[in-house]
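Here the structure is laid out as structure tokens; the discussion comes afterwards.
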2 protein chains.
Amino acid sequence: MRKKITLKQIARELDVSISTVSKALKNSKEISADTIQKVQAFAKLYNYRPNNIALSLKNRKTNTIGIIIPEIVHHFFSKVIRGVELVANQRGYNVIIGLSNESFSKEVINMEMLANGSIDGFILSMSKETLLQQDYHHYNETMNQGMPIVMFDRVVSEIKCDKVIVDDFNGAKNAVQKLISNKCEHIALITTRDYVSVGRLRTQGYLEALEDNNITPQAELILKMDDTLDYEVHLEKLEGEIEQLFKAHKEIDGVFAVNELYALSAMKVARRMGLNVPNDIQVIGFTDGVLSKHSTPSLTTVSQHAQLMGERAADLLIDKIEAEFEIEEEQFQTVVINTELVERESTK
Amino acid sequence: MRKKITLKQIARELDVSISTVSKALKNSKEISADTIQKVQAFAKLYNYRPNNIALSLKNRKTNTIGIIIPEIVHHFFSKVIRGVELVANQRGYNVIIGLSNESFSKEVINMEMLANGSIDGFILSMSKETLLQQDYHHYNETMNQGMPIVMFDRVVSEIKCDKVIVDDFNGAKNAVQKLISNKCEHIALITTRDYVSVGRLRTQGYLEALEDNNITPQAELILKMDDTLDYEVHLEKLEGEIEQLFKAHKEIDGVFAVNELYALSAMKVARRMGLNVPNDIQVIGFTDGVLSKHSTPSLTTVSQHAQLMGERAADLLIDKIEAEFEIEEEQFQTVVINTELVERESTK
DNA sequence: TTTTAACACGCAAACGTTTTCGTGACTTTC
DNA sequence: GAAAGTCACGAAAACGTTTGCGTGTTAAAA
């Protein structure tokens, strides 16, 4: 087992100083051609590579970015990571991940763990618990220490930093408009409680699309699910409530759901009730994941371009990290990613 | 903006030496109670935290593990990551990810990038390209430098290291046995080409289950897909071939597919041909992902316990990292994770 | 022959820690 | 009152780099 070789060892072997070795490897013109040749040959032979940790310490720069998300077994978040990793790698950075598991304290702990020198900046999406507690001190403290943060998807206006968000409002509005254009007259909305900004905006989009078409929104057609429940329980309850809704309102001919799973559940319930999708009832979901693509019928959805979000977030962050000349007037950007309606079989 | 404070700064403020500060923070009994109190109060006030990079350099230990996988937008791999992250965090480690994107060269580059001091060990699953090229030099070189590696799922016997694998053979065998017990007499197999060990083992399990029940395997009932194609093209081709298979062999009453998507495609084709699942034809897939759970009918699958694999891999790796006393006789373990047949609606 | 300049290299500091060892100032002991 | 011991702290090395600057040697210029 041949351990990694260091400058010091090369220097000793070749009977020169450490600095000479370092300079020779960089083709410094302070060093004679002979020595350069000798050192480089030796270094190549022993496969010398500078130690990243030592470089990080010296340069006060790790070339690593931290990403903190609520959950990784999730199509949307994993696509974002892929985007982040893509541009990070292209620009010479590594990516280190932390999972908050939707918990406030895990989010704080993870951030503190990484903020002590391990990374140059954060990309993160808030946990539901943080959103509920509205305690943002850890973000501000981190930024006060000069560590840049880029937030994506689940953001909040109280925090001043760069952001990448989806145009939830227009995405929802367009989806509902599509249903209306497809002759739906009684469109139900299946959404979550409002504390996540994302859910609120999508609801607003739904409402405005209706109003634009002179349709009076009916509160009874709006189903708000509590998504803090256990997953399995949640799902059962969801289907039950959808079924009630459909039974109480036979006139429903369109459904807009704020996520994939809700849309799928709606389709499942519809089928169970003998309704045909899309002939009797048309369905559109949000988030373009595997489920939408492979369900039967496949689901028309609002695509969020998750990977693109990750890419933009990474670019934003790295730009800020590399903007050495501390602009005193901190300027924060919010990048809005446009959604796209992917039409499949669940609409006409 | 208050930058992170260092020992040196505390020392200067309090007019003591750096070593005194360091010791005071550790409650060393070399330091007087007075000084300890003073230093700790000051440190708390300024929220002092030791710099991880400096510690890593000093200790020659980063408390970070690297994980390299072919793809992250994938239920199986993201579940593995979740498992790794879970135990890594519990044991005080961070996780840094690298995506090979199924490419040999990206795998090599990623490994080299991380192997230069950034991490203490690797957890990885080989890319398809590496599997095809059978070039394993980068693994061996990394291990020669004293960096431990744990491989999972896609492994190869030529590489001597710790491994965590799924019992693909018995998983497949049990699945097929289940179909046979459910009175299936003509069971088709939809699989990939053999270069991935995983595919080969599942095929063997299928064959042995048939033989155990005195059923002669028929080559015409085995469909081997080339999965190196572009995803969309692949899918279309897949459905076409399954349809041909079903039409040519109307007697097929059971299907075992080596992954979720193949199983779903089989169900889709069956439905299109007017066949009822599970009454006319029963289907079992491999890999317990979201698709299986939420398809209609929901899919009976062989669950791989991906998260558990990640947890075991992380434990294995950290155990090795922390086993200081270099056992000369390197002993490598292979942990086999048992599969579990999750019965849903696609079987009787 | 003396001065100057170029060359090729080494020294040392710095990044932020931890830890071993040395050392003054007191206190105790006989 | 001298020897020994205790206490509380500082100096310095080490981890592996990079880099500004100083310096000895040789060659060119005066």
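What's counted below: heavy atoms across the whole structure, side chains too, no hydrogens, waters or symmetry copies.
Side-chain atoms of E311(A) and Q307(A) include a donor-acceptor pair closer than 3.5 Å.
A salt bridge does not link K320(A) to D120(A): none of the charged nitrogens lies less than 4.0 Å from a carboxylate oxygen.
Residues S127(A) and K106(A) have side chains not in contact (no heavy-atom distance under 4.5 Å, counting atoms from C-beta outward).
Summarising the geometry, the separation between CD1 on I18(A) and C1' on dC15(D) is reported as 11 Å, rounded to the nearest angstrom. Atom CG of L7(B) and atom C1' of dT19(C) are 13 Å apart (whole Å). Distance L55(B) CG to dT18(C) P: 5 Å, rounded to the nearest Å. Rounded to whole Å, the distance from CG on L57(B) to P on dA14(D) is 14 Å. If you measure from atom CG of L14(B) to atom P of dG10(D), you get 11 Å, rounded to the nearest angstrom. Atom CG in N51(B) sits about 13 Å away from atom C1' in dT18(C), given to the nearest Å. Computed from coordinates, the K3(A) NZ to dC15(D) P distance equals 14 Å when rounded to whole Å. Put simply, CG on L25(B) is 16 Å from P on dG16(C), counting in whole angstrom units.
Between K58(A) and dG16(C) there is no side-chain N or O to OP1 or OP2 distance below 4.0 Å. Of the side-chain N and O atoms in Y48(B), one or more sit less than 4.0 angstrom from OP1 or OP2 of dT17(C). For R60(B), no side-chain nitrogen or oxygen approaches OP1 or OP2 of dA14(D) to under 4.0 Å. When the side-chain nitrogen and oxygen atoms of S22(B) are compared with OP1 and OP2 of dT18(C), one or more of them lie within a distance under 4.0 Å.
The residue T6(B) sits close only to the backbone: its heavy atoms come under 4.0 Å of sugar-phosphate atoms, none of a base.
Counting non-hydrogen atoms of neighbouring residues, nucleotides and ligands closer than 6.0 angstrom, the CG atom of N27(A) exceeds 12 such neighbours. R82(B) CZ: more than 12 foreign heavy atoms inside a 6.0 Å radius.
Comparing dT18(C), dC15(C), dG16(C) by their closest approach to the side chain of K8(B) singles out dC15(C). Of the candidate nucleotides dC15(C), dT18(D), dT17(C), dT17(C) has the atom nearest to the side chain of P50(B). Listed nucleotides dG10(C), dG16(D), dT17(C) differ in distance to S17(A); the shortest reach to its side chain belongs to dG10(C).
Of the possible donor and acceptor atoms, one in the side chain of D135(B) sits under 3.5 Å from a partner among the backbone N and O of H137(B). Judged purely by atom type and a 3.5 angstrom limit, K61(B) has no side-chain atom pairing as donor or acceptor with the backbone of E322(B). At least one donor-acceptor pair under 3.5 Å links the side chain of N51(B) to the backbone N or O of I53(B). With hydrogens and angles ignored, the 3.5 Å screen pairs a side-chain donor or acceptor of N110(A) with a backbone N or O of L99(A).
Contact check of residues 26-40 of chain B against DNA chain D (heavy atom, cut-off under 4.0 Å) returns E30(B), I31(B), S32(B), T35(B).
With the end axes of the helix from dT1(C)-dA30(D) to dC30(C)-dG1(D) each set by five pairs, the angle from one to the other reads 70° at 10° resolution.
For the atom pair NZ of K26(B) and CD of Q40(B), the computed distance is 11.0 Å after rounding to the nearest 0.5 Å.
Judged by closest nucleotide on DNA chain D, T20(B) is the one of A54(B) and T20(B) placed further toward the 5' end.
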Shorter than 3.5 Å, N or O on both sides, protein versus nucleotides 24-26 of chain C: list them out with atom names.
none

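Each of E158(B), K160(B), E107(B) was scored for a side-chain hydrogen bond (donor to acceptor under 3.5 Å, both in side chains) with Y139(B), with one residue passing: E107(B).
Using the six-membered ring where Trp is involved, F76(A) and F152(A) have ring planes that are tilted, between 30° and 60° apart. Between F104(B) and H138(B), the ring planes are perpendicular. Angles over 60° get that label, and only those under 30° would be called parallel.
K23(B) contributes a side-chain N or O that forms a donor-acceptor pair with the base of dG10(D) under 3.5 Å. One can find a donor-acceptor pair under 3.5 Å joining the base of dA11(D) and the side-chain atoms of S19(B).
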